[in-house]
S.K.: 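The structure follows.
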Amino acid sequence: MTTVLGAADSISKGVWVSRAAALKPETRLFIDGAFRPAHDGATFDSFSPRDGRLLCTVSAAGVADVDDAVRAAASAFERGVWSRADRRERARVLTRLSDLMLENLDELALLESIDSGHPIGDARRVDVPQAARTVRWYAEAIDKIYDEIAPTPQSALALITREPLGVVGAVVPWNYPLIITAWKIAPALAAGNSVVLKPAELTSLSALKLAELAAEAGIPAGVFNVVPGLGPVAGQALGRHPLVDKITFTGSPAVGRGFLTYSGESNGKQVALELGGKSAQVVLADTENLAACAESVAWGIFYNAGQTCHGGSRLIVDERVHDELVDRVVAVGRTLVLGDPLDEATQIGTIASAKQLERVLGYTDIARAEGADVHGGGRVRPEGLTDGYYVEPTVFDGVDNTGRIGQEEIFGPALAVTTVRGAAEAVRVANDSPYGLAASVWTSNITTAHAAARELRAGTVWVNTFDASDIITPFGGFKNSGSGRDRSLHAFDAYTALKTTWINLGESTLPTD
Ligand code: NDP
């Protein structure tokens, strides 16, 4: 994890609470370089999951507003103000954006925390620094990528070049608003595309601040647009727009598949989908350090209150280590500080919305009905807060992997434990899932580790760890977890098209006079 702050940089809860009260976030659409309300004046309410209170009302982009944003993006692309700019110039501007994100670290972190319920400590030490690093990483990469020359006969020269696609529509979720936004917009912009971003309705505020910083950094008008709004209206309008060349989406499988329909019914635009998971943490009988393993398993699911697409929500454990491991995981869960996101001591913040809270608590009832032993799972309220969406770390033990608890994405701090015997059964059960985003395997045998990693059907497999990651590695899923990859240099594949330029050189001999 990225950090630019030390313990000495901690700020007291009282200061954060008063800063939050004084915040006046930008709430209007950002189109063609300017903030403005929606054409029809529509807005939606944004509540803080910290205490359920109304934070602000945000402009809701309608179809006409999305059309304006896409046309501004397409026009900027055609004019070449960004798409044909020297790569070093795009690198300079994006590096400046990354610097500005760090200069505005506390404000961005506060917006992220009150809007999404992330603990302010995580927002300052992880979310904002990682998002800024992502922008810088693609800025630094873009002028170090070479194109190709094909092995033609001597009578020809064929250049294979990467060109930006045009207008990229990015539709993002609420669980890691800034980080996921950066994974999408940084490579898209670095490659020369124009972008229209539709943030999640629950978390528009950090995206709008990013728009302000992007303009300050020098991204030309029209190249980066932000259209907060309702999914079925603004998201759908983007998905169906004939001038959008690519949709990059992270969210639920149902909505992701909807984007494939929008594409098929409009211009056949490319669609890349990251659709969540039900990641298995496989623990084999020869795991040596069960204390470290338990710590990792617990953080693998409870971080961000379990609202992580690749969260390790299934523990597939060998019966020979089951009792000790589960006792330890439950114990770690009890030690985690669940509390007010504006307190830097908090390790686990809130569920993102009242609707998600209801959904997560509903799964505790389902687990009981399916015969699981339930540890934790109750709603709690930190001292001093009268409302807010807090759920204790939860362990469902004795889960049948084929039931709803074993198969469905809960998206809360809930771990489903299934007991197996031997590595072969463990891997078979781990693979018995519609999803394939990530998995881990714990073993002290390197051969078993390699064999299990090869067999596990997941976009990322960790060995003796969980969630070790960085912008340098690709991220995405197999099976229902989606298609395409965010992060690493491979992300440029998603935002560029290959062009062949074939030049006839004729006989290709030197003139004699
Ligand atoms: P959604 O898939 O509904 O939302 C993701 C994005 O899609 C948001 O920007 C949303 O806008 C937009 N959207 C919603 N409906 C449409 C539509 N009809 N057309 C176009 N765009 C649309 O996820 P939810 O927020 O509803 O979460 C539901 C579940 O999805 C979670 O419980 C979790 O299981 C899973 N999920 C997975 C994530 C992942 O990282 N893969 C992230 C978030 C959720 P709006 O916010 O306005 O609805």
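Just the heavy atoms: all of them, side chains too, but no hydrogens, waters or symmetry mates, feed the values below. Note that ligands are numbered from 1 as they come in the structure, with each ligand's atoms numbered from 1 the same way.
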S.K.: Can you tell me which residue among Asp115, Thr27, Thr57, Thr203 is in a side chain to side chain donor-acceptor pair (under 3.5 Å) with Ser46?
M.R.: Asp115
S.K.: Could you tell me whether Glu455 and Arg428 have a side-chain N and a carboxylate O separated by less than 4.0 Å?
M.R.: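 No, no charged N to carboxylate O under 4.0 Å.
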S.K.: In the protein, which heavy atom is nearest to atom 48 (O) of ligand 1, and how far is it?
M.R.: Glu201 OE1, 3.7 Å
S.K.: Is Phe259 near ligand 1, meaning one of its heavy atoms is under 4.0 Å from it?
M.R.: yes
S.K.: Are any of the side-chain nitrogens in Arg379 or Asp387 under 4.0 Å away from the carboxylate oxygens of its partner?
M.R.: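 Looking at Arg379 and Asp387, the cut-off is met.
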S.K.: Considering Phe249, Phe44, Tyr262 one by one, which has a heavy atom nearer to atom 5 (C) of ligand 1 than any of the others?
M.R.: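 Minimum heavy-atom distance to atom 5 (C) of ligand 1 goes to Phe249.
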S.K.: Let me know which of Asn304, Val126, Thr346 forms a side-chain contact (heavy atoms from CB on, under 4.5 Å) with His118.
M.R.: Asn304
S.K.: Identify which one of Asp365, Val360, Ile366, Leu361 satisfies the side-chain contact (heavy atoms from CB on, under 4.5 Å) criterion when paired with Tyr363.
M.R.: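 With Tyr363 as partner, side-chain contact (heavy atoms from CB on, under 4.5 Å) holds for just one option, Ile366.
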S.K.: Is the closest side-chain donor-acceptor distance between Tyr176 and Thr308 under 3.5 Å?
M.R.: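 Side chains of Tyr176 and Thr308: pair found under 3.5 Å.
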S.K.: What is the nearest protein non-hydrogen atom to atom 15 (N) of ligand 1, stated with its residue, atom name and distance?
M.R.: Val255 CG2, 3.6 Å
S.K.: Considering only the protein, which heavy-atom contact is closest to atom 25 (O) of ligand 1, and what is its distance?
M.R.: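 Looking only at protein heavy atoms, the one closest to atom 25 (O) of ligand 1 is Trp174 NE1, 2.6 Å.
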S.K.: Taking NZ, NE, NH1 and NH2 as the nitrogens, is one of them in Glu358 or Lys355 under 4.0 Å from a carboxylate oxygen of the other?
M.R.: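 Judged by the 4.0 Å cut-off on N to carboxylate O distance, Glu358 and Lys355 do not form a salt bridge.
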S.K.: Show which atoms of ligand 1 fall inside a sub-4.0 Å distance from at least one heavy-atom site of Glu409.
M.R.: 33 (C), 34 (O), 35 (C)
S.K.: Under 4.0 Å from a heavy atom of Pro173: which atoms of ligand 1 are those, numbered in the order shown and with their elements?
M.R.: 42 (C), 43 (C)
S.K.: Looking at atom 18 (N) of ligand 1, tell me if a protein heavy atom falls under 4.0 Å from it.
M.R.: yes
S.K.: Looking at Glu370 and Arg404, is any side-chain nitrogen of the basic one under 4.0 Å from a carboxylate oxygen of the acidic one?
M.R.: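 Not counted as a salt bridge, because no side-chain N and carboxylate O are separated by less than 4.0 Å.
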S.K.: For Gln407 and Tyr435, test the side chains for any donor-to-acceptor distance below 3.5 angstrom and give the result as yes or no.
M.R.: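 Tyr435 and Gln407 do not have a side-chain donor-acceptor pair below 3.5 Å.
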S.K.: Return the residue, atom name and 0.1 Å-rounded distance of the protein heavy atom closest to atom 39 (C) of ligand 1.
M.R.: Cys309 CB, 3.4 Å
S.K.: Ignoring hydrogens and angles, tell me if any N or O in the side chain of Arg314 forms a donor-acceptor pair with the backbone of Lys278 under 3.5 Å.
M.R.: yes
S.K.: Contact between ligand 1 and Arg359 is defined here as a heavy atom of the residue under 4.0 Å from a ligand atom; is it met?
M.R.: yes
S.K.: Could you check atom 8 (C) of ligand 1 against the protein and tell me its nearest heavy-atom contact, residue, atom and distance included?
M.R.: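 Going by distance alone, atom 8 (C) of ligand 1 is nearest to Val172 O, 3.5 Å.
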S.K.: What is the closest protein heavy atom to atom 10 (C) of ligand 1, and at what distance does it sit?
M.R.: Lys198 NZ, 3.8 Å
S.K.: Please determine whether any non-hydrogen atom of Ser481 lies less than 4.0 Å from an atom of ligand 1.
M.R.: no
S.K.: Is atom NE2 of His490 surrounded by more than 12 heavy atoms (other residues, nucleotides or ligands) closer than 6.0 Å?
M.R.: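 12 or below, so no.
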S.K.: One thing to verify: whether Arg36 and Asp65 come together as a salt bridge, which I'm taking to mean a side-chain N less than 4.0 angstrom from a carboxylate O.
M.R.: yes
S.K.: Heavy atoms only, cut-off 4.0 Å: how does Leu275 contact ligand 1, side chain, backbone, both, or neither?
M.R.: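 The answer is the backbone of Leu275.
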S.K.: Quick check: does Gly276 get an N/O under 3.5 Å from an N/O on ligand 1?
M.R.: yes
S.K.: Where's the contact between Leu230 and ligand 1, heavy-atom distance under 4.0 Å: side chain, backbone, both or neither?
M.R.: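 It is the backbone that touches ligand 1; the side chain stays farther off.
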S.K.: Taking atom 14 (C) of ligand 1 as the point of reference, which of Ala254, Ala352, Gly231 owns the nearest heavy atom?
M.R.: Gly231
S.K.: Heavy-atom pairs closer than 4.0 Å: do any link ligand 1 to the side chain of Ile180, the backbone, both, or neither?
M.R.: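 Answer for Ile180: neither.
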S.K.: Of all the non-hydrogen atoms in the protein, which one sits nearest to atom 38 (C) of ligand 1, and at what distance?
M.R.: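 Among all protein heavy atoms, the one nearest atom 38 (C) of ligand 1 is Phe411 CZ, 3.5 Å.
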S.K.: May I ask you to check whether Gln356 has an N/O atom sitting below 3.5 Å from an N/O atom of ligand 1?
M.R.: yes
S.K.: For atom 1 (P) of ligand 1, what's the nearest protein heavy-atom neighbour? Residue, atom name and distance, please.
M.R.: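 So the nearest neighbour among protein heavy atoms is Ser252 OG, 3.6 Å.
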